[in-house]
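A quick write-up on the structure given underneath.
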Amino acid sequence: MPELPEVQTVVSQLKEKIVGKKIKTVWSEWSKAVRPSLVAFKKHSIGARVVGTRRMGKHIIIDLDNQYSLVIHLKMTGHLLVKTDENRENTSFQDPYNQYIHHIITFMDGTTLEFSDMRKFGWMEVIPTVEVESLASIASLGIDALSEKFTLKLFDKMLEKKGKIKIGGLLLNQEIIAGIGNIYRSETLFQAGILPERIALSLSKNERKDLLSSIKKVLKEALKYRGMSDGDFRDTNGEEGLFQKVLGVYGRNGKPCPKCGTILRRIKLGQRSAFFCPLCQS
DNA sequence: ACAATATCCTGCGAGC
DNA sequence: TGCTCGCAGGATATTG
């Protein structure tokens with residue numbers, strides 16, 4: 001499930017691999033996920049050159065030299081593979097999770113950007129670059145979890161305004177903090193020693209401070225590992241991230257806490273699972 | 001106005 | 001063996 005570290009990994013790799021390349025063709029077998037339509041997508045992207053890549057929340061933005069941008073959301077099982085004449089036969093691309101290719105953008109030099117997405121929740125959209133920030137799902141984004149402007153003061157302000165809900169729910173809300181998903185909400189709360197069911201407003205000054213620094217720390221650490229690939233995520237080389245090797249609690253219910261050995265537990269928060277240590281977190 | 005739930009998808013593992 | 005069922009989840013739409 002691509003969250004901030006996974007999406008940032010993809011954006012950084014794309015910057016290295018496709019900037020400067022000119023789009024030759026666009027193919028899709030699942031045009032439902034292509035916005036506003038496959039025809040419009042082709043019209044505004046074919047012939048244009050990639051000038052940059054960036055991340056907004058969990059969105060990937062690929063800026064073109066024709067005043068248009070491609071906006072891609074990987075949702076849960078989406079990932080982008082960049083295949084060149086040199087690496088096309090690499091075994092990593094043979095991974096079963098890399099076989100759900102629904103869209104392919106081909107560049108003039110033969111390089112392909114392939115969008116694999118088992119569950120088909122992901123989408124891609126072409127939009128004038130000046131309108132990217134007004135795209136509904138981007139316009140509504142809260143502060144980026146790794147933004148330098150995300151300070152304790154701002155965190156306090158958020159909690160005052162939106163803090164009536166459980167902290168586990170608040171962390172998932174992209175309109176409040178952008179970039180955290182189900183994995184990192186459990187991990188950051190574990191790092192900070194806070195139970196996911198705590199009402200956000202009830203967090204003490206110290207807990208707020210601990211949670212904020214845990215968010216930054218865990219996300220940056222995950223980024224070093226190219227994200228986490230418990231199931232489906234793959235980077236643009238088709239390779240797994242490695243963060244699951246250092247995970248604390250996510251997906252480990254019934255197993256011992258890495259800090260104290262207590263059996264980790266799982267609860268439903270909304271529709272989603274949240275994992276925690278009943279002893280380390282309070 | 002806010003918060004909780006249903007929806008989109010597919011593959012996988014559990015249970016019968 | 002082969003079926004059904006529940007589960008996984010990001011963000012939007014809908015309901016409460």
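Here is how names work: the chains are called A, B, and so on, in the same order as the sequence lines, proteins then strands, and each is numbered from 1.
Following rounding to the nearest Å, A:Met118 (CE) and B:dC8 (P) show an atom-to-atom distance of 18 Å. As rounded to whole Å, 14 Å separates atom P of C:dT12 from atom CG of A:Leu172. Atom CD of A:Glu125 and atom P of C:dT12 are 11 Å apart (whole Å). Whole-Å rounding puts the A:Glu175 CD to B:dA1 P distance at 15 Å. Nucleotide C:dA11 holds its P atom 7 Å from the NE2 atom of A:His59, rounded to whole Å. For the pair A:Leu269 CG and B:dA4 P, the computed distance is 9 Å after rounding to whole Å. Taking atom CD1 of residue A:Ile180 and atom C1' of nucleotide C:dG10, one finds them 14 Å apart after rounding to whole Å. One can place CZ of A:Phe121 at 12 Å from P of B:dT7, the figure rounded to the nearest angstrom.
A:Ser92 pairs by the side-chain contact (heavy atoms from CB on, under 4.5 Å) definition with A:Asn90, A:Glu239, not counting sequence neighbours. With sequence neighbours left out, A:Tyr100 forms a ring pair (Phe, Tyr, Trp, His ring centres under 6.0 Å) with no residue at all. In this structure A:Glu133 satisfies the side-chain contact (heavy atoms from CB on, under 4.5 Å) test together with A:Met56, sequence neighbours excluded.
Using a 4.0 Å heavy-atom distance criterion, A:Ile165 is classed as a sugar-phosphate-only contact.
The aromatic ring centroids of A:Phe190 and A:Phe276 lie 6.0 Å or more from each other. For A:Phe243 and A:Tyr250, the distance between ring centers is not under 6.0 angstrom.
The phosphate of B:dT10 (OP1 or OP2) has a side-chain N or O of A:Lys120 nearer than 4.0 angstrom. Checking the phosphate oxygens (OP1, OP2) of C:dA11, a side-chain nitrogen or oxygen of A:Lys58 falls inside 4.0 Å. For C:dG10, neither phosphate oxygen OP1 nor OP2 lies less than 4.0 angstrom from any side-chain nitrogen or oxygen of A:His73.
Side-chain heavy-atom separations under 4.5 angstrom define the hydrophobic clusters, and A:Ile263 shares its cluster with no other residue.
Each salt bridge (Lys or Arg N to Asp or Glu O under 4.0 Å) pair with one or both residues in residues 99-123 of chain A, not counting sequence neighbours, appears once here: A:Lys21-A:Asp109, A:Lys83-A:Glu114, A:Arg88-A:Glu114. Residue pairs satisfying the side-chain hydrogen bond (donor to acceptor under 3.5 Å, both in side chains) criterion with at least one member in residues 54-69 of chain A, sequence neighbours excluded, are listed as follows: A:Gln8-A:Arg55, A:His44-A:Tyr68, A:Arg54-A:Asp63, A:Arg55-A:Asp144, A:His59-A:Ser137, A:Asp63-A:Ser69, A:Ser69-A:Thr129.
When distances run from any side-chain atom of A:Gln174 to the nucleotides C:dA11, B:dT10, B:dC8, the shortest one goes to C:dA11.
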Using residues 253-260 of chain A as the side-chain source, report each donor-acceptor pair under 3.5 Å to any protein atom, sequence neighbours left out, with the distance given to one decimal.
none

Produce the list of close N/O pairs, under 3.5 Å, pairing protein atoms with atoms of nucleotides 5-8 of chain C; give distances to one decimal.
{"unit_1": "C:dA8", "atom_1": "OP1", "unit_2": "A:Arg266", "atom_2": "NH1", "d": "2.6"}
{"unit_1": "C:dA8", "atom_1": "OP1", "unit_2": "A:Ser273", "atom_2": "OG", "d": "2.9"}
{"unit_1": "C:dA8", "atom_1": "OP2", "unit_2": "A:Lys268", "atom_2": "NZ", "d": "2.3"}
{"unit_1": "C:dA8", "atom_1": "N3", "unit_2": "A:Arg119", "atom_2": "NH1", "d": "3.1"}
{"unit_1": "C:dA8", "atom_1": "N3", "unit_2": "A:Arg119", "atom_2": "NH2", "d": "3.4"}

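Of all the residues in residues 131-139 of chain A, not one reaches under 4.0 Å from DNA chain B with any non-hydrogen atom.
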